[in-house]
Amino acid sequence: MRLSRYFLPTLKENPAEAQIASHRLMLRAGMIRQGAAGIYSWLPMGLKVLKNIEQIVREEQDAAGAQELLMPTIQSADLWVESGRYDDYGKEMLRIEDRHGRQMLYGPTNEELITDIFRKEVRSYRDLPKNLYHIQWKFRDEIRPRFGVMRGREFLMKDAYSFDLTAEAGKASYNAMFVAYLRTFARLGLKAIPMRADTGPIGGDLSHEFIVLADTGESEVFFDKAFDALDPMIEVDEGADLQPIVDAWTSHYAATDEIHDAENCPVDSAELITGRGIEVGHIFFFGDKYSKPMNAVVQGPEGETTPVQMGSYGVGVSRLVGAIIEACHDENGIVWPESVAPFKVGLLNLRTKDDECTAACDKMYADLKAAGIDVLYDDTNDGAGAKFANMDLIGLPWQLAVGPRGLKNGVVELKNRKTGERVELAPEEAVAKLSA
RNA sequence: CGGGGAGUAGCGCAGUCUGGUAGCGCACUACACUGGGGGUGUAGGGGUCGCAGGUUCAAAUCCUGUCUCUCCGACCA
């Protein structure tokens with residue numbers, strides 16, 4: 001993509017309303033613009049990152065045996081009345097009336113809807129287990145939205161729902177999601193710690209929050225140093241018992257500041273790590289909490305009818321964009337992990353008016369594209385300084401600077417955004433290195 | 001929902017107290033110079049001062065109402 005044609009409205013100055021790094025940087029880097037409090041438009045580069053994250057989440061869900069579907073954003077209130085949550089949910093739920101006076105709502109979550117879909121179609125235990133998920137926009141009318149996409153009212157969420165015959169089988173489904181989450185966050189370039197969680201309005205007796213570590217995170221977290229030794233990229237064989245892995249990840253102490261009690265902490269202070277974190281995932285096993293009142297039942301092997309055992313598993317996809325930036329930025333701007341970066345490399349033409357320089361840039365641009373590399377080519381007439389600053393701001397993993405000075409010696413400069421390391425090498429070598 | 005703050009050009013702000021031709025920096029347009037870390041000069045364009053009433057010869061400025069945004073608290077993926 002040529003920058004001269006790309007819709008990337010970057011800002012040199014900080015917008016007054018943005019308090020935290022990710023919000024500030026998302027606005028400055030031209031990723032989002034606010035429509036109303038807690039509601040954002042995603043501009044091309046922001047959307048690209050969002051889609052990249054979404055895709056990694058999707059791949060890991062699919063790999064864990066979940067199947068994607070898509071439920072609507074607007075739901076009928078009837079189902080919520082049936083589950084008893086229509087009144088429980090309170091003002092956080094955006095209620096809408098259609099032209100016929102029917103009560104509708106913009107879904108804050110989808111347990112009722114998925115349970116309804118399930119109960120209408122599934123009759124036999126032979127159809128179990130099932131795990132269905134979708135990635136869809138949700139709305140929760142937060143009292144006070146803040147921190148940009150981290151605490152918006154409208155947000156993109158992956159939510160999966162598992163259905164099993166027995167609690168034991170349900171636990172296995174829960175474990176599969178647990179491991180999928182470890183892998184997902186690792187692939188996103190994040191360090192995530194699972195913590196035992198309050199089940200809140202969703203309910204149930206087994207639940208974990210996944211907290212991503214970031215120096216500027218919203219809450220303080222405490223966890224055992226032992227987590228550092230665990231590898232999140234677990235290879236899962238189909239049908240394998242994941243309980244030992246889950247046990248390994250849940251046997252160590254981890255707590256947010258709300259629960260943490262320094263006096264009675266079971267971990268020696270020398271073994272305890274204190275940091276800040278952002279909740280990006282939450283998984284629940286809640287048994288028959290919804291299946292029972294909503295009569296989602298299957299016939300078992302003995303012919304008996306039993307409510308299915310359910311779990312639900314959420315990932316804040318849009319929130320992750322902010323969380324990743326909180327975890328990956330410096331004073332100059334964003335530092336994208338390569339897995340989610342909007343482009344892999346930024347190609348900087350430092351002197352567009354120099355025909356030789358521009359010819360060399362055009363060729364590298366063509367070569368990089370031919371090699372299948374996603375490249376943002378700064379072909380604008382801005383000064384070199386402005387180009388470097390802008391490229392640092394938007395945080396592409398690699399910067400390829402091409403100017404007459406280097407070309408005279410047959411070299412271009414390749415800079416790693418994260419380490420700041422710069423090397424000079426021949427244009428073909430640079431393309432080869434980026435293609436590797 | 002309780003308590004603060006703010007709405008003036010795309011962004012950041014001054015002007016409001018003490019009413020009298022709407023300003024500054026950045027960004028934008030044109031030209032020239034410059035050219036490896038947000039460069040320089042010259043000349044330009046752009047705002048019914050959030051909205052609605054009111055007071056006045058005259059309102060960004062005073063009064064009333066209203067909407068929006070934002071910060072702190074309780075709540076949350």
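A, B, ... follow the sequence lines: proteins, then strands. Residue 1 opens every chain. As the structure is a computational prediction, the values presented were derived from the model and not from experiment.
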Notebook entry, point to check: Around A/Asp247, counting heavy atoms of other residues, nucleotides and ligands shown, do more than 12 lie under 6.0 Å from its CG?
Noted result: yes
Item checked: Candidates B/rG36, B/rA77, B/rC69 - which lies nearest the side chain of A/His282 -> B/rA77
Margin query: Tell me whether the ring of A/Phe155 lies stacked over the B/rA77 base, given a 5.5 Å limit on centroids and a 30° limit on the plane angle.
Written below: yes
Check: Atom CG of A/Leu11 and atom P of B/rA9: how far apart are they, to the nearest Å?
Finding: 15 Å
Checklist line | Pair A/Tyr253, A/His260: side-chain N/O donor-acceptor within cut-off below 3.5 Å | finding: yes
Notebook entry, point to check: Which part of the nucleic acid does A/Asn381 contact within heavy-atom distance under 4.0 Å: base, sugar-phosphate only, or nothing?
Noted result: base
Margin query: For a quick test of reading the model: is some side-chain N or O of A/Arg153 closer than 4.0 Å to OP1 or OP2 of B/rC76?
Written below: no
Notebook entry, point to check: For the side chain of A/Lys415 and the base of B/rG37, is some donor closer than 3.5 Å to an acceptor across the two?
Noted result: yes
Check: A/Lys387 NZ to B/rG36 P: how many Å, rounded?
Finding: 12 Å
Next item on the list: Write down the distance between CZ (A/Phe7) and C1' (B/rG10), rounded to a whole number of angstrom.
Entry: 11 Å
Next item on the list: Report yes or no: is the cationic atom of A/Arg119 (NZ for Lys, CZ for Arg) closer than 6.0 Å to the six-membered ring centre of A/Tyr290, at no more than 45° off its axis?
Entry: no
Next item on the list: Give A/Asp382 one of three labels, base, sugar-phosphate or nothing, depending on what nucleic acid heavy atoms sit under 4.0 Å from its own.
Entry: base
Checklist line | Side-chain-base donor-acceptor pair under 3.5 Å for A/Arg151 and B/rC76 | finding: yes
Note to self: Distance criterion of 3.5 Å, no angle test: do you see the side chain of A/Arg28 paired donor-to-acceptor with the base of B/rG38?
What the structure shows: yes
Check: Looking at B/rC75, B/rG25, B/rA77, which one has an atom nearest to any side-chain atom of A/Arg146?
Finding: B/rC75
Margin query: Any strand counts, and the cut-off is 3.5 Å on both contacts for Watson-Crick or G-U wobble. Which nucleotide pairs with B/rA60?
Written below: none
Check: Below 4.5 Å, heavy atoms only, C-beta onward: do A/Ile32 and A/Ser41 meet side chain to side chain?
Finding: no
Notebook entry, point to check: Can you check whether A/Val340's main-chain N or O pairs, donor with acceptor, with A/Asn52's side chain at less than 3.5 Å?
Noted result: yes
Check: From the list B/rG36, B/rC75, B/rU70, which nucleotide is the closest neighbour of the side chain of A/Glu413?
Finding: B/rG36
Check: Does any nucleotide pair with B/rC28 by Watson-Crick or G-U wobble geometry, both distances under 3.5 Å, and what is it?
Finding: B/rG44
Next item on the list: Return the value, rounded to whole Å, for the distance between atom CG of A/Leu27 and atom C1' of B/rG12.
Entry: 14 Å
Item checked: Whole-angstrom distance between B/rG19 and B/rC75, as gauged at atom P -> 48 Å
Note to self: What's the gap between B/rU40 and B/rC72 when it is taken at their C1' atoms, as a whole Å value?
What the structure shows: 45 Å
Note to self: What's the closest nucleotide to the side chain of A/Arg405 if the choices are B/rG38, B/rG35, B/rG36?
What the structure shows: B/rG36
Note to self: So A/Gly152, base contact, sugar-phosphate only, or nothing? Heavy-atom distance under 4.0 Å.
What the structure shows: base
Next item on the list: Give a yes/no answer on whether the side chain of A/Gln19 brings an N or O atom under 4.0 Å of OP1 or OP2 in B/rC72.
Entry: no
Margin query: Roughly how many Å apart are B/rU61 and B/rC49, using the C1' atom of each and rounding to a whole number?
Written below: 10 Å
Check: If you measure from the Lys or Arg side-chain nitrogens to the Asp or Glu carboxylate oxygens, is any gap between A/Arg183 and A/Asp231 under 4.0 Å?
Finding: no
Note to self: For A/Gln399 and A/Gly35, find the nucleotide of RNA chain B closest to each by heavy atoms; which residue's nucleotide sits nearer the 5' end?
What the structure shows: A/Gln399
Next item on the list: Rounded to whole angstrom, note down the C1' distance from B/rA9 over to B/rG15.
Entry: 15 Å
Item checked: Nearest-nucleotide 5' precedence on RNA chain B, A/Gly385 against A/Ser318 -> A/Gly385
Item checked: Closest to the A/Glu142 side chain, choosing from B/rG12, B/rA77, B/rG38 -> B/rA77
Check: A/Glu218 has an atom CD; how far is it from atom C1' of B/rG73, in whole Å?
Finding: 16 Å
Notebook entry, point to check: Looking at B/rA77, B/rG35, B/rC72, which one has an atom nearest to any side-chain atom of A/Arg144?
Noted result: B/rC72
Next item on the list: Among B/rG39, B/rG12, B/rG36, find the nucleotide with the atom closest to the side chain of A/Ala16.
Entry: B/rG12
Margin query: Work out how far the C1' atom of B/rA52 is from that of B/rC67, and round it to whole angstrom.
Written below: 10 Å
Note to self: Among B/rG25, B/rG36, B/rU70, which nucleotide has an atom closest to any side-chain atom of A/Glu13?
What the structure shows: B/rG25
Item checked: Counter-base of B/rG23, judged by Watson-Crick or G-U geometry with both distances under 3.5 Å -> B/rC13
Next item on the list: Sort out the partner of B/rG2 for me: Watson-Crick or G-U wobble, both distances under 3.5 Å, none otherwise.
Entry: B/rC72
Note to self: Rounded to whole Å, please give me the gap between OH in A/Tyr40 and P in B/rA77.
What the structure shows: 18 Å
Next item on the list: Could you state the atom-to-atom distance from CZ of A/Phe139 to C1' of B/rC76 in whole Å?
Entry: 14 Å
Checklist line | Which nucleotide in B/rA74, B/rG38, B/rG36 has an atom nearest any side-chain atom of A/Asn390 | finding: B/rG38
Notebook entry, point to check: Under a 4.0 Å N-O cut-off, is there an ion pair linking A/Glu54 with A/Arg58?
Noted result: yes
Notebook entry, point to check: If you look at every strand shown and take non-hydrogen atoms under 4.0 Å, does A/Gly403 touch a base, only sugar-phosphate, or nothing?
Noted result: base
Notebook entry, point to check: Taking the P atom of each, how far is B/rA59 from B/rG50, in whole Å?
Noted result: 15 Å
Check: For the residue pair A/Phe227 and A/Trp249, does the interplanar ring angle fall in the parallel (under 30°), tilted (30 to 60°) or perpendicular (over 60°) class?
Finding: tilted
Item checked: Atom-to-atom span, CD1 of A/Ile143 to P of B/rG3 - whole angstrom -> 15 Å
Item checked: B/rC1 OP1/OP2 closer than 4.0 Å to side-chain N/O of A/Lys91 -> yes
Check: What does A/Ala389 touch in the nucleic acid at a heavy-atom separation under 4.0 angstrom: a base, only the sugar-phosphate, or nothing?
Finding: base
Note to self: What's the gap between B/rU8 and B/rG4 when it is taken at their P atoms, as a whole Å value?
What the structure shows: 23 Å
Notebook entry, point to check: Choosing from B/rU34, B/rG37, B/rA77, which nucleotide comes nearest the side chain of A/Arg422?
Noted result: B/rG37
Notebook entry, point to check: If you measure from the C1' atom in B/rG65 to the same atom in B/rU55, how many Å do you get, rounded?
Noted result: 15 Å
Notebook entry, point to check: Would you say the side chains of A/Gln399 and A/Asp392 form a donor-acceptor pair under 3.5 Å?
Noted result: yes
